[in-house]
S.K.: 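A single structure is presented below for examination.
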Amino acid sequence: MNLKVKIKDFEFENPLMNAAGVNCYTIDELEEIRNSKAASFVTKTCTLNTRQGNLEPRYYENELGSINSMGLPNLGIDYYLNYLESLDGTYFLSVTEMNTENIHKILEKINESSFNGLVELNLSCPNIEGKPQIAYDFKTTDKLLADIFKYFKKDLGVKLPPYFDLAHFDIMANILNKYPIRFVNSINSIGNAIIIDENDTVVIKPKNGFGGLGGEYIKPTALANVNAFYRRLNKDIKIIGTGGVNTGRDVYEHILCGAYMVQIGTRLQKEKSKVFERILNELKEIMKEKNYNSLDEFRGKLKTL
Ligand SMILES: O=C1NC(=O)NC(C(=O)O)N1
């Protein structure tokens, strides 16, 4: 049974990796994933300088998923870049910044480095007070990508927020199809949700309790975003599916919708890196039952009525 995935010239043993932000803040955490059954990892989204992030409590989970307002705490681009430059194999480096000028600065730094993996440009963090999610501003996103591809020579994809309007999928896909983007990762957390505890109180401190939703809560939205972009993007822009993955069946559904790699966030936070072996075995069981020997045989084969 062949679980291999190819994105551009990069080949992965299987479709599984972590979602940015989970179990990927320190080198130790990244090494744990690298030594697990995951086929790759993505770093915590990093910025030019280290960031403390938002006040705590800033993460909460329950049986249906998680809510977070971390605020992009990270150890800075040099920490992750130096580590990644020392590795063989193909890994993802997630980056963002607080304005487009600094996004160019961080990408220029990567451009000049010997990093040979894929950059995941995070255009969708919902948790920076006063900062809108970049990818909800179509004009800014279009201009940013046009400027990036004037100088950026390595392999880059974008991490998108969920969209909820078919017209927005059309607009965004038309923008993305203009550029040599290697992948689109859908979705980031569903921004600005609230969870309330039994004391009539929100469960996280930042932004009056408004935070990004993850886990089972968001799987239907994640699958729809994966399939909407799969239907609209040039075939050389691969989709990475993120959101609501707890089982092999969830991975199967993301791939059915068109995903190549599939990222695991909230479930990894709960179960730690042994989750990759469990979910990989569950996926293999499903493929055996359905007599599939490779992911290509069912990717994008979602049926409609
Ligand atoms: O892009 C992000 N998505 C999230 O849900 N949280 C993190 C964060 O707040 O750092 N960033």
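Quantities reported herein were computed from a predicted structural model and do not represent experimental measurements. Just follow the structure's listing: the first ligand is 1, and inside any ligand the first atom is 1.
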S.K.: Within a distance under 4.0 Å of any heavy atom of G71, pick out the atoms of ligand 1 and give their elements.
M.R.: 8 (C), 9 (O), 10 (O)

S.K.: What do we get for N54 next to ligand 1 when only non-hydrogen atoms under 4.0 Å count, side chain, backbone, both or neither?
M.R.: neither

S.K.: Counting each atom of ligand 1 from 1 as listed, which ones have a heavy atom of C125 under 4.0 Å away?
M.R.: 1 (O), 2 (C), 8 (C), 9 (O), 11 (N)

S.K.: Any atoms of ligand 1 less than 4.0 Å from a non-hydrogen atom of N68? List them with their elements.
M.R.: 4 (C), 5 (O), 6 (N), 7 (C), 8 (C), 9 (O)

S.K.: Side chain, backbone, both or neither: which applies to T96 and ligand 1 if a contact is any heavy-atom pair less than 4.0 Å apart?
M.R.: neither

S.K.: Show the atoms of ligand 1 that are less than 4.0 angstrom away from any heavy atom in N127.
M.R.: 4 (C), 5 (O), 6 (N), 7 (C), 8 (C), 9 (O)

S.K.: Distance-only, no hydrogens or angles: does the N234 side chain make a donor-acceptor pair with backbone N or O of D236 under 3.5 Å?
M.R.: no

S.K.: Between F298 and Y252 (judged by ring centroids, cut-off 6.0 Å), do the two rings come close enough to count as a pair?
M.R.: yes

S.K.: Regarding N122 and S94, do their side chains bring together a donor and an acceptor under 3.5 Å, going by distance alone?
M.R.: no

S.K.: Please verify the inter-ring angle class for F229 with F169; under 30° counts as parallel, over 60° as perpendicular, anything in between as tilted.
M.R.: perpendicular

S.K.: Looking at N188, which atoms of ligand 1 are within less than 4.0 Å of one of its heavy atoms?
M.R.: 1 (O), 2 (C), 3 (N), 4 (C), 5 (O)

S.K.: Regarding K235 and the six-membered ring of Y230, is the cationic atom NZ or CZ under 6.0 Å from the ring centre and inside 45° of its axis?
M.R.: yes

S.K.: Hey, which atoms in ligand 1 end up nearer than 4.0 Å to a heavy atom of N122?
M.R.: 1 (O), 2 (C)

S.K.: Does this structure show an ion pair linking K44 with E29, if we count only N-O contacts that are shorter than 4.0 Å?
M.R.: no

S.K.: Work out whether the distance between some heavy atom of P126 and some atom of ligand 1 is less than 4.0 Å.
M.R.: yes

S.K.: I'd like to check which ligand 1 atoms, numbered from 1 as shown, lie under 4.0 Å from a non-hydrogen atom of M70.
M.R.: 8 (C), 9 (O), 10 (O)

S.K.: Could you walk me through whether N14 and F276 satisfy the side chain to side chain contact (heavy atoms under 4.5 Å, CB included) test, starting with their C-alpha distance in whole Å, then the side-chain angles of each, then the deciding distance to 0.1 Å, before giving a yes or no?
M.R.: CA-CA 10 Å; N14 69 59; F276 295 112; over 6 Å; no

S.K.: What orientation do F92 and F183 show, parallel under 30°, tilted 30 to 60°, or perpendicular over 60°?
M.R.: perpendicular

S.K.: Are any of the N or O atoms of P73 closer than 3.5 Å to those of ligand 1?
M.R.: no

S.K.: Minimum distance, heavy atoms only, to atom 5 (O) of ligand 1: which one of S189, S66, P161 is it?
M.R.: S189

S.K.: Less than 6.0 Å separating the ring centroids of H168 and Y136?
M.R.: no

S.K.: Inspect the contact between E277 and K274 and indicate whether a charged nitrogen and a carboxylate oxygen are less than 4.0 angstrom apart.
M.R.: no

S.K.: Do any N/O atoms on L72 end up under 3.5 angstrom from N/O atoms on ligand 1?
M.R.: yes

S.K.: What atoms of ligand 1 come closer than 4.0 angstrom to any heavy atom of K44?
M.R.: 7 (C), 8 (C), 10 (O)

S.K.: Check whether any heavy atom of G21 sits under 4.0 Å from an atom of ligand 1.
M.R.: no

